Amino acid sequence: MLSGDIPPNQTIYIKNLNEKIKKEELKRSLYCLFSQYGRILDVVALKTPKLRGQAWVCFSEVTAASNAVRQMQNFPFYDKPMRIQYAKTKSDCIAKEEGSFVPREKKKKQEEKADRKRREDTQQSSVPNGTHGASNGGPTASFRQGSSAQEASPPNNILFIENLPHETTGRMLEMLFEQYPGFKEVRLIEAKPGIAFVDFEDEVQSSMAMQALHGFKITPQNAMIITFAKK
DNA sequence: AGCACA
């Protein structure tokens, strides 16, 4: 209940975002940053006076949202710490996925809220659809909260790369990673072939590269596994 | 601070 009294939701609500960032860039960056936690169905951001500085990120699983709320809490994003909570209501894109979406009519907001609450109360716990068909079956295991299960490392400007073919050279990795802003250097570990570290200026930039290159196949058998390095 | 779905 650190996040207030709002019950878990597949969608997270983020505030204290830098209002100078243009909407499209903001949405793209949020998508990159949060897709490490699971499949993202939608990112909503409006720049209206009432809604600027805020955004909603909709995940396909509640566990992904939970991990995101905990691990990205106060994450410095465009120089401002993100404040993250669960969204108060169900996102349209989620309702659409479960077939319970009803286009909003011209009603007062109050009635709309009541409607949504009613729908939520009658819905059963959502069935995880086995089709995680995204790019490559990413690192987004569903962690049991508070258990001894392995936690993903928190964001770090250093990326940890695994599953590289032993023939991989530093130059090869440089060519892949240097196209992303903030790239600093690649470090191969000669004692341990198959892994590497890649340094970026900051966590936001490393996150972007991670999202873009995770699962990239250097050979058909060698999809890169990218995680944040342990601190 | 601010909870929407252009």
Side-chain angles (χ1 to χ4, degrees), chain A residues 1-129 131-134 140 145 155 204 207-208 211:
Chain A
M1 319 335 179
L2 294 163
S3 52
D5 46 2
I6 304 149
N9 190 305
Q10 275 169 262
T11 300
I12 57 173
Y13 168 72
I14 311 166
K15 60 183 179 181
N16 198 40
L17 292 168
N18 190 328
E19 298 178 10
K20 290 185 290 245
I21 309 306
K22 281 177 289 295
K23 187 175 72 176
E24 281 316 312
E25 178 184 348
L26 183 70
K27 285 164 70 168
R28 271 178 45 86
S29 299
L30 288 170
Y31 184 91
C32 290
L33 196 59
F34 280 99
S35 50
Q36 44 177 311
Y37 296 102
R39 189 168 138 242
I40 293 177
L41 303 177
D42 199 13
V43 178
V44 175
L46 294 300
K47 38 159 205 225
T48 61
K50 183 165 181 212
L51 291 169
R52 64 187 170 207
Q54 302 152 77
W56 290 261
V57 177
C58 315
F59 290 98
S60 65
E61 307 286 342
V62 197
T63 51
S66 300
N67 285 326
V69 168
R70 292 201 320 273
Q71 295 196 16
M72 297 301 275
Q73 198 59 256
N74 302 323
F75 181 80
F77 188 60
Y78 294 110
D79 302 317
K80 299 189 69 182
M82 292 196 282
R83 305 273 124 91
I84 313 177
Q85 302 169 335
Y86 292 113
K88 286 184 183 158
T89 58
K90 184 189 292 291
S91 298
D92 286 356
C93 67
I94 309 284
K96 279 174 187 156
E97 255 225 343
E98 26 177 79
S100 60
F101 177 68
V102 183
R104 69 194 88 256
E105 304 140 36
K106 329 236 148 157
K107 283 184 186 174
K108 305 194 174 350
K109 300 245 161 123
Q110 294 301 318
E111 293 176 69
E112 243 180 49
K113 270 189 190 164
D115 264 17
R116 261 181 247 183
K117 189 133 284 168
R118 230 169 282 135
R119 263 182 275 141
E120 276 164 35
D121 292 347
T122 48
Q123 90 167 118
Q124 307 303 329
S125 55
S126 56
V127 181
N129 45 356
T131 53
H132 258 265
T140 52
Q145 309 202 23
V204 177
S207 295
M208 303 295 171
Q211 166 53 17

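Given the structure is predicted, the values throughout are model-derived calculations rather than measurements. In what follows, chains are A, B, ... by sequence order, proteins preceding strands, each numbered from 1.
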Which whole-number value in Å describes the distance from Asp92(A) CG to dC5(B) P? 8 Å
What is the distance, rounded to the nearest whole Å, between atom NZ of Lys27(A) and atom P of dC5(B)? 12 Å
Mind calculating the distance between NZ (Lys47(A)) and P (dA4(B)) to the nearest angstrom? 17 Å
What's Leu51(A) touching, base or sugar-phosphate or nothing? Going by heavy atoms closer than 4.0 Å. sugar-phosphate
In a check of side-chain contact (heavy atoms from CB on, under 4.5 Å) between Leu30(A) and each of Ile21(A), Val43(A), Val44(A), Ile40(A), which one passes? Val43(A)
Between dG2(B) atom C1' and Lys88(A) atom NZ, what is the distance in whole Å? 9 Å
Separation of atom CZ in Arg52(A) from atom P in dC5(B), rounded to whole Å: 16 Å
side-chain contact (heavy atoms from CB on, under 4.5 Å) between Tyr37(A) and Ile12(A): does it pass, once the steps are laid out? CA-CA 12 Å; Tyr37(A) 296 102; Ile12(A) 57 173; over 6 Å; no
Base, sugar-phosphate, or nothing for Asp42(A), non-hydrogen atoms under 4.0 angstrom? nothing
Could you grab the distance from atom CD of Glu97(A) to atom OG of Ser91(A), nearest 0.5 Å is fine? 11.5 Å
Considering only side-chain heavy atoms of Thr11(A), which listed nucleotide, dG2(B), dA6(B), dA4(B), is closest? dA4(B)
Under the criterion side-chain contact (heavy atoms from CB on, under 4.5 Å), I'd like the reasoning laid out for Phe59(A) against Arg39(A): C-alpha separation, chi angles, the key distance, then a yes or no. CA-CA 6 Å; Phe59(A) 290 98; Arg39(A) 189 168 138 242; over 6 Å; no
Can you figure out which of dC3(B), dA6(B), dG2(B) approaches the side chain of Glu19(A) most closely? dG2(B)
Any Lys50(A) side-chain nitrogen or oxygen under 4.0 Å from OP1 or OP2 of dA4(B): yes
How many whole angstroms separate atom CZ of Arg104(A) from atom C1' of dA4(B)? 7 Å
Separation of dC5(B) atom C1' from Phe101(A) atom CZ, nearest Å, is 8 Å
Along DNA chain B (nearest heavy atom to each residue), the more 5'-positioned of Lys15(A) and Lys96(A): Lys15(A)
Output, in order, the C-alpha distance, side-chain angles, deciding distance and verdict of side-chain contact (heavy atoms from CB on, under 4.5 Å) for Lys20(A) and Arg52(A). CA-CA 9 Å; Lys20(A) 290 185 290 245; Arg52(A) 64 187 170 207; over 6 Å; no
Starting at atom CD of Gln85(A), determine the distance to atom P of dA4(B), rounded to an integer number of angstrom. 13 Å
